[in-house]
Amino acid sequence: MDRFIYLLEGEIEVIDAFTGERALPSSLGPGQYMGEIAFLSGGRYTMPMRAAKDTRVVEVERHRMLTLMAQIPEMSDIIIGVFAARRLRQLKEGDATLRLIGEDESQVLRRVAEFASRNRIPYRSLALGSAESIAAARACGIDGVAPAVIFGKEHVVENPTPAAVARLLGLNLEFSESDQVDVLIVGGGPAGVAAGVYAGAEGLKALVVEDLAIGGQAGTSSRIENYMGFPTGISGADLVWRGEIQAMKFGTRFSMPHRVVTLERLNGSFCARFDNGQSICACAVIVATGVQYRRLSLERLEAFEGHGVYYAATEIEARYCRSTDAVIIGGGNSAGQAAMYLSRTARMVHLVVRGRTLAASMSDYLSSRLAADPKIKIHFESEVTALLGPNHLEKVVISNRASKAQQEISTRAMFVMVGAAPNTEWLRGLVQLDSKGFVQTGTQCGQLNSPYATSMAGIFAVGDVRAGSVKRVASAVGEGSVVVSKVWEYVRRDVR
Ligand SMILES: Cc1cc2nc3c(=O)[nH]c(=O)nc-3n(C[C@H](O)[C@H](O)[C@H](O)COP(=O)(O)OP(=O)(O)OC[C@H]3O[C@@H](n4cnc5c(N)ncnc54)[C@H](O)[C@@H]3O)c2cc1C
């Protein structure tokens, strides 16, 4: 959206994108303004509005309004606060122009749903063949008998991938060879987003690129309880989303889904190539690509991925666990948190742990809560040895490693949470990695100037991807924040 619209006289109403009817009882009057959070990034609006009567407005071009907002922080805070509240209301009420028809029947649509949900994009999932899905599909000129993604009645998304939906909403930026930023931040987890906030605040032209969803691993945690300032906990997705808005306010741009596949040094800059073939160059790079879950070597695991085997326990997966037992493999904090979260919706949660206790692998407060929850059963010294079902997972076999006894559990959802490996394949040969693939920084690679400098001047690494890092949200945020002063020094030196 390229204009900020402020009402002087008249009335503006929010309308339903499919019926054209007024969607909300309340409307905007003089002194209020149109718009939503996508205004900050120039993305497409998801909440259509129109004048309900003769209306007089002031229009300000987007980039001029952003400049004004940067100059008057008090005004900026009010506008951003209202935009964020509008998005939160949409998410809570399920008010969405983006509709997914037949998510349950289609793995492709489930990927779109995951992308939308984890990136705080309001969408509504409609059952294939339901009256609502047929009406929405007909409004778009399709019959609605096959899974589809539609956006209002004007857009049917062809080949509905996360990238296609992102393009439609303006989240997936187009780059050309000549594009250059001061700093490219690879990874949109807590470390990358914190770096985005500080880089923008320090006046660097910064771009954050993210493979899947802003939030990273933290975005899959329903409740982070040990982050300072949130005594009752905060969902990781919420925390990092706030950071994203804050970074956008300072001018940092975000683009997703974009996976960096290679990085090379070219004429004094670093050029990153993405999985879609596009590339962008930067004076400096901050590596914040974190880690990803390990997979298990289990027969038919791949076939069941997305059909009963999952690697994160977010709201979406919790839905698949309703009135079924859920099985979680792993004895760490993420497995423990997932067990607590899923026990609210699942009939019973089975936590499968290789060790004899949780003492060495899980925080004490969490293991005590698991022990006290009657809906959680811990299978110690055990492992899952078989996955059964025709197309969707229906049963797993749990074997006791000591007694060799086997037990079949009927379940439609198994979660694998067995540790993680760093996302550093794309850096091989460019910076020094340790034996497990984590990026070495500071004294580990002879860099005395910054604990986050890698063996290649101009490339910095922060958060979980860094060798020896503390794998926590607070430390990732801290590292992403403090690295920027050294990046700034480097970029400034580079320009001279
Ligand atoms: C379920 C769960 C619960 C947790 N609970 C807590 C908790 O309660 N308290 C706590 O302190 N910590 C918790 N943690 C740990 C915490 O979330 C991590 O330490 C933190 O997210 C690390 O942040 P990061 O930015 O370094 O990396 P990540 O969060 O891993 O983010 C890295 C991002 O980089 C992206 N990426 C990877 N490769 C590429 C590429 N080539 N190109 C572009 N993008 C790429 C990934 O998609 C990802 O979004 C939890 C973790 C999990 C999984």
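In each ligand, atom 1 is the first atom listed, and ligand 1 is the first ligand listed.
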> Where the side chain of Thr411 meets the backbone of Ala413, is there a donor-acceptor pair that is under 3.5 Å apart?
Replying inline: yes
> Distance from Arg401 atom CZ to Arg356 atom CZ, nearest 0.5 Å?
Replying inline: 10.5 Å
>> So is Met417 touching ligand 1 or not, going by heavy atoms under 4.0 Å?
In response: no
> Any N/O of Ile224 closer than 3.5 Å to an N/O of ligand 1?
Replying inline: no
> What is the closest protein heavy atom to atom 4 (C) of ligand 1, and at what distance does it sit?
Replying inline: Gln337 OE1, 3.4 Å
> Using 30° and 60° as the class limits, which term best fits the ring planes of Phe175 and Phe274: parallel, tilted or perpendicular?
Replying inline: tilted
> Shortest non-hydrogen contact from Gly290 to Asp464?
Replying inline: CA-CB, 4.1 Å
> Which one of Gly189, Pro190, Gly463 has a non-hydrogen atom at the shortest distance from atom 23 (O) of ligand 1?
Replying inline: Pro190
>> Looking at atom 25 (O) of ligand 1, tell me if a protein heavy atom falls under 4.0 Å from it.
In response: yes
> Can you check whether Val465 has an N/O within less than 3.5 Å of an N/O in ligand 1?
Replying inline: no
>> Can you confirm, on distance only, whether ligand 1 has an N/O atom lying under 3.5 Å from any N/O atom belonging to Thr220?
In response: no
> Protein heavy-atom contact under 4.0 Å for atom 50 (C) of ligand 1?
Replying inline: no
> Are Arg110 and Glu103 close enough, and set up right, to give a salt bridge (Lys or Arg N to Asp or Glu O under 4.0 Å), and what steps lead you there?
Replying inline: CA-CA 6 Å; Arg110 281 206 289 275; Glu103 183 192 332; over 6 Å; no
> Is the closest heavy-atom distance from Ala312 to ligand 1 below 4.0 Å?
Replying inline: no
>> Whether Arg265 engages the ring of Phe270 as a cation-pi pair (distance to the six-membered ring centre under 6.0 angstrom, angle to the ring normal within 45°) should be assessed.
In response: yes
> Does Phe274 reach ligand 1, in the sense of a heavy atom lying below 4.0 Å from it?
Replying inline: no
> According to the interplanar angle, ranging from 0 to 90°, do the rings of His392 and His307 count as parallel (below 30°), tilted (30 to 60°) or perpendicular (above 60°)?
Replying inline: perpendicular
> Should the proximity of Val193 to ligand 1, defined as any heavy atom under 4.0 Å, be assigned to the side chain, the backbone, both, or neither?
Replying inline: neither
>> Can you confirm whether Glu305 sits close enough to Tyr311 that some side-chain heavy atom of one is under 4.5 Å from a side-chain heavy atom of the other?
In response: yes
> Does Tyr293, backbone or side chain, put an N or O under 3.5 Å from an N or O of ligand 1?
Replying inline: no
